[in-house]
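Below is one structure, written out as structure tokens, with a few remarks after it.
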Amino acid sequence: TSTLDGTAVDGYYKERWFVSSGFEANLGGSGWTASGLFAYRNELSRTGTDSDHSDAFVFFNTRFGAPPNPAVVEPAFANTTTSRAEDFSAEMRLASPEENPIRGMAGVYLYDFTLRNREIDFSNAPTGVPYGGPGSYEETIRNTSLFGRLEFDAGETITVGLEGRYLIEEKDRTEFSATGSTRYRGGQVKDFVPRVTVDWQPSPDTLVYAIYTEGNE
């Protein structure tokens, strides 16, 4: 052991770019509306912590050899990483006029997420090891969903709504080492999520409702 700075970078740094945009259009004055919402995020994070909260510079597993070079390799209890996260989402909807006795809406949703994480030591601070090299990994999430809603008036005071969302989601993780890469597939999740609502408004100031819905893991 010795008493040297235990982390190649210290503290927490974040840089984020985010942009979003949306639109809504009445189709030819018919009352049918098309709308969309789009968003993109790009985020750089850098973290350096020393979990023993001291200036001790400790190495383990050095019984049969000299400790690693402290000018290059971080000691035990040090945790310094940098990551770049990007995600993009888009949603499009088509809806019927709200004043119709039977109203409907249908849409599609897309989401794409990528996280690239890299270890940092004294030899490559503050950028970290090259992506694709030992001490780096990548995680991805991709989600596609179709959804819709049908609503109708079952009398002057009762409204019934039927909703559903069908989704497909995939998750992957790839870890890189000196000998190559290992991919861990999280599998593909397919699920349908229903929802039923019943609203009863016996007077302008009173609303009684019931909801049935299911979730997904």
Side-chain angles (χ1 to χ4, degrees), residues 1-22 36-91 108-145 167-189 217:
T1 66
S2 60
T3 54
L4 299 173
D5 187 4
T7 52
V9 296
D10 299 305
Y12 186 68
Y13 172 84
K14 183 184 290 289
E15 178 183 277
R16 175 185 294 170
W17 295 88
F18 178 81
V19 61
S20 63
S21 179
L37 182 63
F38 312 90
Y40 171 77
R41 177 178 65 102
N42 189 311
E43 182 176 291
L44 172 67
S45 299
R46 189 178 298 124
T47 304
T49 59
D50 191 356
S51 299
D52 66 358
H53 305 289
S54 76
D55 57 359
F57 202 79
V58 180
F59 288 104
F60 295 115
N61 299 325
T62 59
R63 179 178 179 183
F64 302 104
N69 183 357
V72 177
V73 182
E74 285 189 316
F77 308 115
N79 180 24
T80 51
T81 60
T82 183
S83 64
R84 172 76 69 175
E86 289 185 274
D87 61 55
F88 171 78
S89 62
E91 182 175 293
V108 59
Y109 174 78
L110 304 173
Y111 177 73
D112 190 286
F113 170 84
T114 301
L115 172 69
R116 292 178 173 177
N117 191 85
R118 297 178 291 168
E119 295 291 331
I120 302 175
D121 59 38
F122 290 100
S123 66
N124 53 50
T127 56
V129 301
Y131 171 72
S136 66
Y137 66 85
E138 178 184 86
E139 293 180 346
T140 61
I141 301 174
R142 290 177 176 84
N143 182 293
T144 303
S145 302
L167 64 91
I168 301 175
E169 183 172 277
E170 295 179 340
K171 295 182 179 180
D172 285 340
R173 178 184 173 102
T174 302
E175 297 181 355
F176 300 95
S177 65
T179 58
S181 62
T182 303
R183 185 181 182 187
Y184 301 92
R185 292 184 60 86
Q188 186 182 80
V189 176
E217 296 181 359

Any idea which heavy atoms bring Tyr109 and Ser89 closest together, and the distance?
-> OH-CB, 4.0 Å

Just how far is it from atom CG of Asp87 to atom CG of Asn143, taken to the nearest 0.5 Å?
-> 12.0 Å

Kindly indicate, with the supporting measurements, whether the criterion side-chain hydrogen bond (donor to acceptor under 3.5 Å, both in side chains) is fulfilled by Glu138 and Tyr131.
-> CA-CA 9 Å; Glu138 178 184 86; Tyr131 171 72; 2.8 Å; yes

Go through the steps for Asn79 and Thr81 under the test side-chain hydrogen bond (donor to acceptor under 3.5 Å, both in side chains), then give the verdict.
-> CA-CA 7 Å; Asn79 180 24; Thr81 60; 4.8 Å; no

If you round to the nearest 0.5 Å, how far is OG1 of Thr47 from CG of Asn117?
-> 9.0 Å

Please round to the nearest 0.5 Å and tell me the distance separating atom CG of Leu167 and atom OG1 of Thr144.
-> 9.5 Å

Distance-minimising heavy-atom pair for Ser136 and Gly132 = OG-N, 3.1 Å

Can the ring centroids of Phe38 and Phe88 be said to lie less than 6.0 angstrom from one another?
-> no

May I ask you to test the Arg116-Ser83 pair for a side-chain heavy-atom distance under 4.5 Å?
-> no

Does a salt bridge link Arg173 with Glu175, judged by any charged N lying under 4.0 Å from a carboxylate O?
-> yes

Closest non-hydrogen atom pair between Val9 and Ala125, with its separation = CG1-CB, 4.2 Å

Side-chain touch Tyr12/Ser45, heavy atoms, less than 4.5 angstrom | yes

Please tell me if the side chains of Phe113 and Arg41 come closer than 4.5 Å, counting only heavy atoms from C-beta onward.
-> yes

For residues Tyr40 and Glu86, determine if any side-chain heavy atom of one lies less than 4.5 Å from a side-chain heavy atom of the other.
-> yes

Once you round to the nearest 0.5 Å, how far does CD1 of Ile168 lie from CD of Gln188?
-> 5.5 Å

Hey, are the side chains of Arg16 and Asn42 touching, using non-hydrogen atoms and a 4.5 Å cut-off?
-> no

Just how far is it from atom CG of Asp10 to atom OG1 of Thr49, taken to the nearest 0.5 Å?
-> 9.5 Å

Check whether any side-chain heavy atom of Asp172 lies under 4.5 Å from a side-chain heavy atom of Arg183, and answer yes or no.
-> yes

Heavy atoms only: give me the nearest Pro134-Ser177 pair and the separation to one decimal.
-> CG-C, 3.7 Å

All heavy atoms of Ile120 vs all of Gly128, minimum pair found to be CG1-CA, 3.8 Å

Between Glu139 and Tyr137, does any side-chain donor sit less than 3.5 Å from a side-chain acceptor?
-> no

Any side-chain heavy atom of Leu44 within less than 4.5 Å of one from Tyr13?
-> yes

Between CZ on residue Arg84 and OG1 on residue Thr114, distance to nearest 0.5 Å | 12.5 Å

